[in-house]
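Quick caveat: nothing in here was measured; it's all calculated off a predicted structure.
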Amino acid sequence: MEYTAWQVIPLVPDVDTIVSSKLRTGTFAAVQSFTRQLTGALGSALLGFILEWGGFKSGALHQTAQAQDAILVVLIVVPVISISIAWWMVSRFNLNQRTHKILHDEIERLQAGGNKDDVAPETKAVVENLTGYKWDKVWQKK
């Protein structure tokens, strides 16, 4: 569940590159690492708070009914909600192998000095969809 979203993150710097015309992969790697650690810590804290709220006693041979309910929430409810949120987010984010290849090929073409006006209609549509910017607002070399 946790690692599914991270499979797409290495492709995101190319989306920034087509917008800014700068290579900032190191910045994205740092943000990714920080975000991964932060979400792991927040997730662990959330689970701890739920168990504490439920009256869970570490090392006890028997748990109260409320503590058992808290364990159920931690093991079933939280993962189902988390997976649902992740699926919703992924379904709205159209960066996949096909669209990344189109994006990457366009970046290489532009870096090689290609004319921005010579863009293929499909490439233009993919770039606009991934970036949220109109074609005339991307790759503005300064």
Side-chain angles (χ1 to χ4, degrees), residues 1-112 114 116-142:
M1 172 177 64
E2 178 182 351
Y3 293 104
T4 302
W6 298 115
Q7 297 304 311
V8 127
I9 297 295
L11 309 177
V12 172
D14 286 337
V15 177
D16 175 66
T17 299
I18 195 77
V19 172
S20 68
S21 71
K22 297 177 181 150
L23 298 173
R24 300 188 282 203
T25 307
T27 302
F28 278 89
V31 169
Q32 176 189 357
S33 178
F34 172 75
T35 305
R36 182 183 228 160
Q37 292 173 5
L38 180 64
T39 56
L42 291 175
S44 296
L46 173 66
L47 299 181
F49 291 140
I50 292 170
L51 290 174
E52 184 178 328
W53 169 80
F56 178 81
K57 301 292 182 209
S58 179
L61 292 177
H62 300 285
Q63 299 291 337
T64 65
Q66 188 177 358
Q68 290 174 11
D69 289 343
I71 293 168
L72 187 69
V73 167
V74 164
L75 294 177
I76 296 174
V77 176
V78 171
V80 167
I81 291 171
S82 299
I83 289 171
S84 298
I85 291 169
W87 278 341
W88 177 78
M89 291 174 75
V90 167
S91 72
R92 301 183 58 78
F93 192 56
N94 296 324
L95 186 58
N96 54 46
Q97 288 180 341
R98 183 186 74 77
T99 57
H100 180 257
K101 176 155 181 30
I102 291 169
L103 177 69
H104 191 267
D105 290 348
E106 184 61 14
I107 290 170
E108 286 184 346
R109 185 184 75 78
L110 293 170
Q111 284 175 334
K116 192 174 160 187
D117 294 332
D118 294 338
V119 64
E122 180 188 19
T123 300
K124 182 178 178 180
V126 166
V127 169
E128 288 180 348
N129 178 270
L130 290 176
T131 64
Y133 290 98
K134 291 290 185 189
W135 180 251
D136 59 335
K137 298 291 182 193
V138 300
W139 198 263
Q140 294 183 350
K141 288 269 206 186
K142 296 185 171 122

Asker: Donor-acceptor pair, distance only, cut-off 3.5 Å: does the side chain of Lys116 make one with the backbone of Val138?
Answerer: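 Looks like yes, one N/O pair under 3.5 Å.
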Asker: At what distance, to the nearest 0.5 angstrom, does CD1 of Ile81 lie from CD1 of Ile76?
Answerer: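 Here the interatomic distance stands at 12.0 Å.
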Asker: With rounding to the nearest 0.5 angstrom, report the CD to CG distance, Gln63 to Asp69.
Answerer: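 Rounded to the nearest 0.5 Å, the CD-CG separation comes out at 11.5 Å.
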Asker: Does any non-hydrogen side-chain atom of Val19 lie less than 4.5 Å from one of Trp139?
Answerer: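 Counting from C-beta outward, Trp139 and Val19 never come under 4.5 Å.
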Asker: Contact between Thr99 and Leu103 at the side-chain level, heavy atoms closer than 4.5 Å - yes or no?
Answerer: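 The answer is no, as the side chains (C-beta and beyond) never meet within the 4.5 Å cut-off.
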Asker: Quick one: side-chain contact (heavy atoms from CB on, under 4.5 Å) partners of Leu38, sequence neighbours excluded?
Answerer: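 For Leu38, the residues satisfying side-chain contact (heavy atoms from CB on, under 4.5 Å) (neighbours in sequence not counted) are Phe34, Leu42.
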Asker: Which pair of heavy atoms, one from Val12 and one from Leu95, lies closest together, and at what distance?
Answerer: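 Here Val12 and Leu95 meet closest at N-CD2, 4.0 Å.
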Asker: Is it the case that the side chain of Ser33 and the backbone of Ala29 share a donor-acceptor pair, with hydrogens and angles ignored and the cut-off at 3.5 Å?
Answerer: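 Checked: no pair found.
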Asker: Determine the minimum heavy-atom distance between Leu110 and Gly114, stating which atoms define it.
Answerer: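 For Leu110 and Gly114, the tightest heavy-atom pair comes out as CD2-O, 3.7 Å.
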Asker: Who passes side-chain contact (heavy atoms from CB on, under 4.5 Å) against Glu108, sequence neighbours left out?
Answerer: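 If we apply the side-chain contact (heavy atoms from CB on, under 4.5 Å) test to Glu108, skipping adjacent residues, the hits are His104, Asp105.
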Asker: Identify the heavy atoms of Gly54 and Thr64 that sit nearest to each other, and give their distance.
Answerer: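 Taking Gly54 first and Thr64 second, the nearest heavy atoms are O-OG1, 4.0 Å.
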Asker: Can you tell me how far apart CD1 (Ile102) and OG1 (Thr123) are? Round to the nearest 0.5 Å.
Answerer: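 Going from CD1 on Ile102 over to OG1 on Thr123, the span is 5.5 Å.
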Asker: Tell me, please, which residues at least two apart from Asn94 pass side-chain hydrogen bond (donor to acceptor under 3.5 Å, both in side chains).
Answerer: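 With sequence neighbours excluded, Asn94 shows a side-chain hydrogen bond (donor to acceptor under 3.5 Å, both in side chains) to Asn129, given in chain and number order.
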Asker: Applying side-chain hydrogen bond (donor to acceptor under 3.5 Å, both in side chains), can you list everything that pairs with Arg92, at least two apart in sequence or on another chain?
Answerer: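 Partners of Arg92 under the side-chain hydrogen bond (donor to acceptor under 3.5 Å, both in side chains) test: none.
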Asker: Ser20: what forms a side-chain contact (heavy atoms from CB on, under 4.5 Å) with it, not counting sequence neighbours?
Answerer: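 Counting only residues at least two positions away or on another chain, Ser20 forms a side-chain contact (heavy atoms from CB on, under 4.5 Å) with Asp16, Lys22, Arg24.
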Asker: Looking at side-chain heavy atoms only, is the closest gap between Thr131 and Lys137 below 4.5 Å?
Answerer: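 A side-chain contact under 4.5 Å is absent here.
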Asker: Name all residues meeting the side-chain contact (heavy atoms from CB on, under 4.5 Å) criterion together with Glu128; count only those two or more places apart in sequence or in a different chain, and write none if there are none.
Answerer: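 Glu128 satisfies side-chain contact (heavy atoms from CB on, under 4.5 Å) with Lys124, Lys134, Trp135 once adjacent residues are dropped.
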